[in-house]
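All heavy atoms count here, side chains included; hydrogens, waters and symmetry mates do not. Since we're looking at a predicted model, the values are computed, not measured. Counting convention: from 1, in listed order, for ligands and their atoms alike.
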Amino acid sequence: MKIAYLGLGIMGSGMVGNLLQAGHSVTVWNRTPERCTPLVEKGASQADTPGQAVANAEIVMYCLSNEAAIADTVFGADGILSGVHQGQIAIDMSTVHPNTSRREATAYAEKGVEFIDAPVFGSKNESAAGGLWIVVGGKKEVFEKVKTILEPLSETIHYMGETGMGATMKLVGNAVVISQIEALGEAMILAKKAGLNPQDVLDVLHVTDFKSPIFDGMGSTLIQRDFSTSFALKWLLKDANLIAQLAQDNNSPIPAIALARETVKAAVNHGWGEENASAAIKALEV
Ligand code: NA7
């Protein structure tokens, strides 16, 4: 397939590598053009603007940081909407509010373009290895058309319902993630202050019926004090804010997540936003 892919951050770069590997013809665009180079070396073509990137594509995919990036890249001057045409399918893999997905779907529909929201769970390693967990919203028949394109990127793909339901599922999932980070951070600090060996604690957590890959992975990086970025803390705060907004929209109580958001916010305010999401726990140590 002829695919345009926009947004070559940590997540997008890994996905494009796998699309090329799967034999697709990929045209890439990134706001910072230098980030295209490694993928051009692997066979991708590079476009100068989002509008140019999508002009000859059958499928338009993107994974951008936040709502502002969608505003610029999709709706802005020379944006995706300026270059699309009837018959294409657009796939937004960013983590955004479901209302943003719905706004995108409406704007694309006016151009005769189908749209699905398909955000992903997993971070740098899963993206590079084609092991993401994708959640999809949109028309089922459109999802069926693009499923084979998403397969080389992912370990699982779940169809969640109409437009916005992929984005909604992503925020629900990250509500669990942020709670796990807070719980592990508080527990590990308590364990250390109370005299336990942190590695012993992780070894026990690993065999329990409440074990979690997040506890395993994040736990060992906490012990090593390795906060190199797989998923940036600033994006965890962005997601916590989106979760709070979704909860407010639905009058749904989130007392624990609201407290965890304050931990993440404090860590970002300390200047650790570019570090890994696990750096949130540093705010509990100060
Ligand atoms: P990264 O590695 O921070 O990448 C973010 C990407 O978004 C990157 O390509 C950025 O371009 C791009 N971006 C950011 N702002 C803009 C604007 N205003 N216009 C155009 N492009 C922009 O994030 P991840 O790959 O880890 O995450 C991406 C999404 O998946 C995010 O929603 C996460 O929550 C999940 P740049 O290279 O900085 O020029």
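For atom 23 (O) of ligand 1, the closest non-hydrogen atom of the protein is Trp235 NE1, 3.2 Å. In this structure, the protein non-hydrogen atom closest to atom 12 (C) of ligand 1 is Leu64 CD2, 4.0 Å. Of the protein's heavy atoms, Lys238 NZ, 2.7 Å lies nearest to atom 34 (O) of ligand 1. Scanning all protein heavy atoms for the shortest distance to atom 22 (C) of ligand 1 gives Ala69 CB, 3.7 Å.
Backbone and side-chain nitrogen or oxygen atoms of Met11 are examined, and one is located within less than 3.5 angstrom of a nitrogen or oxygen of ligand 1. Note: no N/O pair closer than 3.5 Å links Asn66 and ligand 1 by distance alone. Residue-to-ligand polar distances keep Lys234 apart from ligand 1: every N/O pair is separated by 3.5 Å or more.
The neighbour count for Asn56 CG, taken as heavy atoms of other residues, nucleotides or ligands under 6.0 Å away, does not exceed 12. Surrounding NZ of Lys265 are more than 12 heavy atoms belonging to other residues, nucleotides or ligands, all under 6.0 Å away. The environment of Gln248 atom CD is sparse: at most 12 non-hydrogen atoms of other residues, nucleotides or ligands sit within 6.0 angstrom.
Note on ring orientation: taking the six-membered ring where Trp is involved, the planes of Phe143 and Tyr159 are parallel (angle under 30°, cut-offs 30° and 60°).
Salt bridge absent: Glu114 and Lys145 never bring a charged side-chain N and a carboxylate O closer than 4.0 Å. Note on Lys282 versus Glu285: no salt bridge recorded, every NZ/NE/NH1/NH2 to OD/OE distance being 4.0 Å or above.
Of the inter-residue distances, the one linking Asp92 atom CG with Thr163 atom OG1 reads 11.5 Å to the nearest 0.5 angstrom.
Short contacts between ligand 1 and Gly7, defined as distances under 4.0 Å to a heavy atom of the residue, involve ligand atoms 9 (O).
By heavy-atom distance, the residue among Asn30, Thr73, Leu8 lying nearest atom 20 (C) of ligand 1 is Thr73.
Under 4.0 Å from ligand 1, the heavy atoms of Asp72 that appear belong solely to its side chain. Contacts of Arg31 with ligand 1, taken as heavy-atom pairs under 4.0 Å, involve both backbone and side chain. With a 4.0 Å heavy-atom cut-off, ligand 1 is reached by no atom of Lys124.
Using a 3.5 Å distance cut-off with no hydrogens or angles, the side chains of Asp203 and Gln199 do pair a donor with an acceptor.
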